[in-house]
Amino acid sequence: MANQKRVLLLCGDYVEDYEVMVPFQALLAYGVAVDAVCPGKKSGDICRTAVHQLSGHQTYSETRGHNFALNATFDEIEASKYDGLFIPGGRAPEYLAVNESVLDLVKSFANTKKPIVAICHGQLILAAADVVRGRRCTAYPAVKPVLVAAGAHWEEPETLASCTIDGNLITGPTYEGNPEFIRLFVKALGGSIVGSGKRILFLCGDFMEDYEVKVPFQSLQALECHVDAVCPKKKAGEKCPTAVHDFEGDQTYSEKPGHDFTLNANFESVDVSSYDGLVIPGGRAPEYLALDDDVIKLVQEFMESKKPVASICHGQQILSAAGVLKGKKCTAYPAVKLNVILGGATWLEPEPIDRCFTDGLLVTGAAWPGHPEFISQFMALLGVHVKF
């Protein structure tokens with residue numbers, strides 16, 4: 001694309017998992033080129049991530065997240081080639097804020113008035129670069145003393161999803177605000193959303209894959225879609241624990257505990273006619289959801305109503321059990337190939353693993369690295385896109 005927007009994502013070890021991957025994959029899905037870099041690392045290297053959440057203690061808990069793969073080399077970047085900068089939080093900003101190369105990079109963006117988004121602890125870098133003096137700014141509350149000392153006008157976040165805008169600077173306290181941060185960033189880049197207002201249902205369950213629920217969920221919210229997440233036998237406000245699946249040298253994927261995902265609607269109240277589409281995340285949840293007659297009936301009703309359905313990874317176990325794959329072309333996580341074939345579908349090899357396919361109103365993907373394709377193909381079926 002001749003006029004494609006290009007943004008830089010500033011990463012580091014133990015960056016917060018959602019705060020790096022959601023904007024990275026959402027922006028790619030919208031057609032924005034995103035380079036993810038880390039000082040001292042090269043394209044293809046890994047940054048460890050951290051799962052941060054409030055778990056009833058006086059501060060947030062931390063567990064290991066996914067391994068995030070960089071796609072550019074820090075020492076080779078030229079700030080002038082980018083249209084904006086995105087700084088995630090987590091623990092990475094603590095050490096990035098004392099890196100002179102990082103501070104010079106941030107100052108160059110600030111001097112050219114290009115959009116800068118910083119979340120959570122990312123504002124430590126802004127303070128160290130002396131770009132918040134006299135500016136309205138918010139952050140994770142524990143960062144307040146540093147921002148005040150750096151001369152910022154502190155704005156108390158009303159919720160952990162709130163954000164503050166001051167010129168080219170967009171700041172917020174946590175990943176709960178990802179949809180608004182991303183939407184505001186897209187607008188600052190000159191983008192506009194076409195076809196917003198769609199109503200989407202997410203079919204959730206315990207130990208669904210962490211990224212496979214949160215990334216499409218918040219990516220669609222950022223496009224001003226109404227997104228409901230439900231789980232059988234649970235109500236709005238209750239949580240589903242999630243699983244972090246990665247390849248770490250074993251014969252199959254490893255599993256670590258992910259974030260707790262909060263449901264926002266009741267399964268028993270779902271009216272299929274009120275939704276424009278359905279998303280089925282993968283992970284381990286589909287194994288038991290495929291045994292639930294009410295889940296099967298719900299999926300069948302979406303397919304019979306000719307509404308777009310997007311299913312990823314192990315989610316196709318539910319589609320197979322529902323008998324809706326007959327005559328379809330379909331991919332999935334390779335271990336689910338047997339379910340797909342026995343369900344009557346034509347198997348499409350996910351080569352590479354981020355390949356996704358659309359057959360009629362069905363989008364299928366193999367794993368979370370394919371989210372940009374997965375989300376963009378689902379957007380196309382919904383009639384939603386970002387225009388620059």
Side-chain angles (χ1 to χ4, degrees), residues 1 4-11 15-36 49 65-66 68-72 82-90 115-120 122 161 163 170 172 174-198 200 202 209-227 229 242 258-259 261 277 279 281 310 312 354 356 363 365 367-382 384-388:
M1 293 182 203
Q4 185 180 30
K5 297 294 181 180
R6 179 173 293 275
V7 303
L8 189 67
L9 188 64
L10 184 56
C11 306
V15 62
E16 212 291 326
D17 206 14
Y18 282 166
E19 289 172 8
V20 65
M21 187 57 94
V22 175
F24 180 72
Q25 292 193 315
L27 291 167
L28 288 172
Y30 305 161
V32 178
V34 186
D35 285 345
T49 72
H66 294 82
F68 181 86
L70 305 167
N71 66 344
Y82 296 93
D83 299 293
L85 174 67
F86 207 108
I87 307 175
I116 299 174
V117 177
I119 299 176
C120 193
C163 68
I170 303 168
T174 71
Y175 53 75
E176 295 300 344
N178 274 337
E180 188 173 1
F181 306 145
I182 295 168
R183 182 166 56 248
L184 290 171
F185 191 46
V186 165
K187 183 178 179 181
L189 293 171
S192 60
I193 301 165
V194 179
S196 60
K198 300 296 189 297
I200 313 300
F202 272 62
E209 213 289 329
D210 201 12
Y211 278 165
E212 289 173 6
V213 62
K214 195 70 165 186
V215 174
F217 184 84
Q218 290 194 317
S219 297
L220 291 165
Q221 285 184 320
L223 295 172
E224 298 178 335
C225 293
H226 176 93
V227 188
T242 70
H259 299 80
F261 182 86
V279 176
I312 195 163
D354 59 357
C356 296
V363 178
W368 57 256
H371 276 148
E373 277 194 24
F374 183 72
I375 295 166
S376 65
Q377 290 182 29
F378 189 53
M379 288 167 57
L381 294 182
L382 293 169
V384 182
H385 70 275
V386 177
K387 180 181 180 181
F388 287 101

Enumerate the residue pairs fulfilling side chain to side chain donor-acceptor pair (under 3.5 Å) with a member in residues 174-189, sequence neighbours excluded, ordered by first and then second residue.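 Residue pairs with at least one partner in residues 174-189: N178-Q218.
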
Measure the spacing between [atom1] of [X] and [atom2] of [Y] and express it to the nearest 0.5 Å.
| X | Y | atom1 | atom2 | value |
| --- | --- | --- | --- | --- |
| L220 | M379 | CG | CE | 8.0 Å |
| C120 | E16 | SG | CD | 7.0 Å |
| L28 | D354 | CG | CG | 10.5 Å |
| L184 | L189 | CG | CG | 11.0 Å |
| S219 | I200 | OG | CD1 | 12.0 Å |
| I87 | L8 | CD1 | CG | 9.0 Å |

Carefully, step by step, assess V215 and I375 under the rule side-chain contact (heavy atoms from CB on, under 4.5 Å). CA-CA 9 Å; V215 174; I375 295 166; 4.0 Å; yes

Looking at [X] and [Y], what are the two nearest heavy atoms and their distance?
| X | Y | result |
| --- | --- | --- |
| L223 | I193 | O-CG2, 3.5 Å |
| A36 | N71 | N-OD1, 2.6 Å |
| V279 | F378 | CG2-CE2, 3.5 Å |
| V15 | P88 | CG2-CB, 3.4 Å |
| C356 | Q377 | O-NE2, 3.3 Å |
| K198 | L382 | CE-O, 2.9 Å |

Candidate pair Y211 and H66, rule ring-ring contact (aromatic ring centres under 6.0 Å, His included), full reasoning: CA-CA 9 Å; Y211 278 165; H66 294 82; 3.5 Å; yes

Verdict with supporting geometry, I119 and F86, side-chain contact (heavy atoms from CB on, under 4.5 Å): CA-CA 8 Å; I119 299 176; F86 207 108; 3.6 Å; yes

Tell me, do [X] and [Y] make a side-chain contact under 4.5 Å, heavy atoms counted?
| X | Y | value |
| --- | --- | --- |
| F181 | P23 | no |
| P216 | H371 | yes |
| V186 | F388 | yes |

With distance as the sole test, does D83 use its side chain to make a donor-acceptor pair with the main-chain N or O of V7 at under 3.5 Å?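 No; judged by distance alone, with no hydrogens or angles, the pair does not exist.
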
Might you work through the side-chain contact (heavy atoms from CB on, under 4.5 Å) test for F374 and Q25, ending with a clear yes or no? CA-CA 10 Å; F374 183 72; Q25 292 193 315; over 6 Å; no

Show your reasoning for whether side-chain contact (heavy atoms from CB on, under 4.5 Å) applies to L9 and F68. CA-CA 12 Å; L9 188 64; F68 181 86; 4.2 Å; yes

